[in-house]
Amino acid sequence: MLLQFSYVVGSIARNYCTKVSPIFPFKKPQKSHVKRPRTSIVSVQWTDQQLQVFDAIERRQSVFITGSAGTGKTMLIQEIIKLLRKLHGKKEVSVTAPTGIVACSLGGQTLHSFAGVGLAEADAETLLSKVLDNKRVLRRWRMVKALVVDEISMVEGEFFDKLEYLARMIRENDEPWGGIQLVVSGDFLQLPPISVGKKKNSDSDKEYAFEADSWDQSFQLQVGLNTIFRQSDPQLIKLLQGIRKGELDDEGLDLLEQCRCMDNEPDETVVRLFPRIADVSRVNDMRLKGLGEEIIVYEAFDRGERHWIDQLDRGIAPNNLQLCKGARVMLTKNLNVKGQLVNGATGKITGFKKAIKGNIVKICDRKMLPIVKFDCGTEMVMKPLKWNVEVGDKIRATRLQLPLILAWAMSIHKSQGMTVDRLHTNLSKAFGFGMIYVALSRLRSLDGLSFSSDFHPSKIKAHPKVLEYYKNHFE
Ligand SMILES: Nc1ncnc2c1ncn2[C@@H]1O[C@H](COP(=O)(O)OP(=O)(O)OP(=O)(O)O)[C@@H](O)[C@H]1O
C-alpha cells in the first residue's frame, strides 16, 4: 500500500517507509549514492521516500510526487528545483504551477504561460501551429530539459495531454514529453481543476491530469509520501484522513462538534477561512479600520513587462498592503522553519520602526518597517523581500513587498500549502471537492479549530474518480 490513508497515524514523522508504484519497477537506491540535500533554511532529516525521489531526479527520471496535506511535497519540490538546476543548468529548468499564487511562491511561471498556448481551448494541432509561429515560446520548448509542475490537482487531463503532444512534436522526439524530465507534484484529493463537475459529460471527460492518456507513461516513478509532518495528534490525523476520502464517522463528527462555537466573530488571533474572496476583503477591511490607528501603506515595487507583472498580481504578495498598529498579519514566506517562522505563521503588529537605509523606501515613502510579534513568541522587524517570475535563467518580473498579508481572514484557495495554528471557518458555506479537507488540513492541532453554523457531513466531498485512482495506485 503506497499511500496509507488509515494508518499514517502510526507513521508520524519518524517512520520512513519507502514504497514505489508497482506499475513502474524501480531499483531501490543504494543508500551510499543518495546525497542528502541541504536546505538553505534549516537542515532537514529527509525521509527515505524523499531521498528516493532525489535519487530518481539525479538519474534523470520523471517523477510524480503525491501524498496527503503536510507530507512535505512543497518542501521537496523546492529542493528538487535546486537539484535540477545543478543537473541541467538554470536555463534548462522551467518551474510552473496552474495558478499564479503557487507559481509565484516557487519563483516560477504559470503552466499556461510556459506553454505559450493562451487558454489552450483549441485542439492540439491548432495549439501546435500557434507555438510554431512564436519563436520565443518555440525556443523555450526546445531548450527545456526539466519541467516542474506543482499543484497538479488543478491541471485538467485534456490540457496535460495537449502539452505532452506539443512537447513531442516540437522537440521531434517520440519519447514521452519529447524527452523532458518531468517532475509533477500535488494531491488530487485537494482542490480540483475549476472545470470539475461543470462539464456536461464529466464522467467521460479527462477532467483530472491522472485521466490523461499520456499520464502513466509520463513517469518512471510515482511516490505517495506517507509521513505526515504538519500534524502530530493521532486523533486529528485520523479525522483528516477520513475527510480526505470524503468520510466522517461518528467519532469524527463528535470531534468536530466539540469545535463548534456559537460565536460568529471569533477571537482575532484566529484566522477566518472563507470559500469566497468577497468575504475575506470585507472582514479584513472592517477589522483594520475598526482599530482606529494610523494606516501605513506599502505599494509593491514591480519591475518587468506588464504581462509578467500580471502574474505577480495573482500571487500572494499584495499590490497594495495596508497595515497599522494592532493589525493581525500572516507571514507569506518561510523565514526560519525551525523557529516556526513559516509561510502561514500569524502575529500582530506591535509598532513601526523608521529605517535609515535599505529598500523599504521603494514601497513606503515614510520608510516605516513594521514590527511583528509572532504567536510563537518571536518579535522581529520585517523587511521587504522579493517575489520573482523566472523563465529559465531569466527573471522576467520582480515584486518587492513585505512578506505579510492581513490575517483576520483569508480564502481557502489562498490557504492551500500553508500551515495555520488557529482557524475558524463556516463549514456550511464550503462547496466543491476537497475544500473542507484543504481548510482543516492547514491546522497543526485540533485545539486550533473552531467553526460556526450547522454543518452537514454531506459538505465533505471527495471525487469518486480520484478515490478510485488512489485506491488502484497507492493502496
Ligand atoms: N523531512 C522533513 N522533516 C521535517 N519536516 C518536514 C520534512 N518535510 C516536510 N516537513 C515540514 O512539514 C510541513 C509540511 O510540509 P509541506 O508544506 O511541504 O507539505 P505539503 O505536502 O506540500 O502540504 P500541502 O499539501 O498542504 O501543501 C512543513 O512545515 C515542512 O517544513
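Treat the numbers as computed from the prediction; the structure is a model and nothing was measured.
In terms of heavy-atom proximity, A439 sits nearest to L423 at O-CD2, 3.4 Å. In this structure, A103 and A97 approach most closely via the heavy-atom pair N-CB, 3.6 Å. Residue Q231 comes nearest to I237 through the heavy atom pair O-CD1, 3.5 Å, listed as atom of the first residue, atom of the second, then distance. Here the closest heavy-atom approach between residue Q311 and residue T110 is recorded as OE1-N, 3.2 Å. Among all heavy-atom pairs drawn from G252 and L239, the shortest one is CA-CD1, 3.6 Å. A pairwise comparison of heavy atoms in L321 and I405 identifies CD1-CA, 4.1 Å as the closest pair.
Within a 6.0 Å radius of NZ in K325, other residues, nucleotides and ligands contribute 12 heavy atoms or fewer. Counting heavy-atom neighbours within 6.0 Å of K333 NZ, excluding the residue itself, gives a total above 12. Residue R422 qualifies as enclosed at atom CZ: its count of foreign heavy atoms under 6.0 Å is above 12. For CG of D250, the number of neighbouring non-hydrogen atoms (other residues, nucleotides, ligands) closer than 6.0 Å is 12 at most. The environment of NZ in K354 is crowded: more than 12 heavy-atom neighbours from other residues, nucleotides or ligands sit within 6.0 Å.
Aromatic ring orientation, F210 versus Y208: parallel (interplanar angle below 30°, classes split at 30° and 60°). Below 30°, between 30° and 60°, or above 60°: for F474 and F64 the angle between ring planes is above 60°, a perpendicular geometry.
Although no hydrogens or angles enter the test, the distance criterion places no donor-acceptor pair under 3.5 Å between the side chain of N388 and the main chain of T398. Looking only at distances, a side-chain donor or acceptor of T332 sits under 3.5 Å from a matching main-chain atom of P403. Between the side chain of Q49 and the backbone N or O of G224 there is at least one donor-acceptor pair closer than 3.5 Å. No donor-acceptor pair closer than 3.5 Å links the side chain of S450 to the backbone N or O of R260. Using modelled atom types, no side-chain atom of R399 and backbone atom of W387 make a donor-acceptor pair closer than 3.5 Å. Using modelled atom types, one side-chain atom of Y437 and one backbone atom of A69 make a donor-acceptor pair closer than 3.5 Å. Judged by distance alone, with hydrogens and angles left aside, the side-chain atoms of T71 form no donor-acceptor pair with the main-chain N or O of T227 at under 3.5 Å. With T47 contributing its side chain and Q50 its backbone, the two residues share a donor-acceptor pair below 3.5 Å. Not one N or O on the side chain of R140 forms a donor-acceptor pair closer than 3.5 Å with the backbone of R136. Put simply, the side chain of H88 never gets that close to the backbone of L84: no donor and acceptor are under 3.5 Å apart.
For the residue pair D187/S153, the side-chain donor-acceptor check at 3.5 Å is not satisfied. Using modelled atom types, one finds no donor on one side chain facing an acceptor on the other under 3.5 Å when comparing R230 with S441. No hydrogens or angles considered: nothing links the side chains of T99 and E151 as a donor-acceptor pair under 3.5 Å. In summary, the side chains of S68 and Q241 do present a donor paired with an acceptor at a separation below 3.5 Å, with no hydrogens or angles considered.
Considering I412, T425, L273 as possible partners of M435, the one that fulfils the side chain to side chain contact (heavy atoms under 4.5 Å, CB included) test is I412. When each of Q181, Q52, E79 is paired with I57, the side chain to side chain contact (heavy atoms under 4.5 Å, CB included) condition holds for Q181 and for no other.
Two residues are said to be in side-chain contact when any heavy atoms from C-beta on lie closer than 4.5 Å; H413 and I277 fail this criterion. Counting only heavy atoms from C-beta outward, the side chains of V117 and V137 never approach each other to under 4.5 Å. No side-chain heavy atom of E294 sits under 4.5 Å from any side-chain heavy atom of M368.
For the pair R366 and F352, the NZ or CZ position fails the cation-pi test of under 6.0 Å to the six-membered ring centre and within 45 degrees of the ring normal.
Within the structure, no pair that satisfies the ring-ring contact (aromatic ring centres under 6.0 Å, His included) test touches residues 286-318, not counting sequence neighbours.
For K73 and D150, the salt-bridge test fails: no basic side-chain N is under 4.0 Å from an acidic carboxylate O.
D365 contributes atom CG, which lies 10.0 Å from atom CD1 of I360 (distance to the nearest 0.5 angstrom). Here the straight-line distance linking atom CG of D285 with atom CH2 of W408 works out to 9.5 Å at 0.5 Å rounding. The CG atom of L331 sits 4.5 Å away from atom CZ of F374, with the distance rounded to the nearest 0.5 Å.
The salt bridge (charged side-chain N to carboxylate O under 4.0 Å, His left out) search around E251 returns K238, not counting sequence neighbours.
Under the 6.0 Å cut-off for aromatic ring centres, F188 and H463 do not qualify, their centroids lying 6.0 Å or more apart.
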